[in-house]
Amino acid sequence: RVRSLNEPYRYRMQQVIMQENAQMVNRILSVGPTFNRKVEAQDFSRHRRAAQNLQRFVDRGTLPHKSLPALRVPRPSSTWTSQGLEALLVPGDLCRVGSA
């Protein structure tokens with residue numbers, strides 16, 4: 001006895017999904033690896049030798065940092081505040097040169 005009108009459809013869809021999944025697994029398993037482990041091992045050993053050579057010949061303490069700019073001497077702060085009001089210019093203090 002069928003409990004639902006949708007049950008045969010759901011059962012058929014479940015069978016289709018299981019079949020598609022099985023086909024996908026077979027396709028995945030039939031494909032071989034896409035990289036060569038021997039070549040990868042050779043590249044890594046070459047990289048390791050190059051890194052050892054650089055560590056042996058380069059003194060890292062003497063190299064400047066490439067990512068940071070060189071430090072500069074700080075600019076002296078302005079000194080007019082220490083002089084008080086004597087350094088203050090008023091518009092009447094200014095005159096044109098050569099118009100007298």
Using side-chain contact (heavy atoms from CB on, under 4.5 Å) as the criterion, list what pairs up with [X], not counting sequence neighbours.
X: F44; result: H47, R48
X: R49; result: S45, R46
X: R10; result: S4, N6, E7

Separation between CD (Q19) and CD (Q23), nearest 0.5 Å, reads 5.0 Å

Under a side-chain separation threshold of 4.5 Å, the hydrophobic residues clustered together with Y9 are M13

Cluster membership besides M24, Ile/Leu/Val/Met/Phe/Trp/Tyr side chains within less than 4.5 angstrom, sorted by chain and number, is I28

List, one per line, each side-chain donor-acceptor pair under 3.5 Å for residues 30-41, sequence neighbours excluded.
unit_1	atom_1	unit_2	atom_2	d
S30	OG	N26	O	3.4
S30	OG	R27	O	2.9
N36	OD1	K38	N	3.1

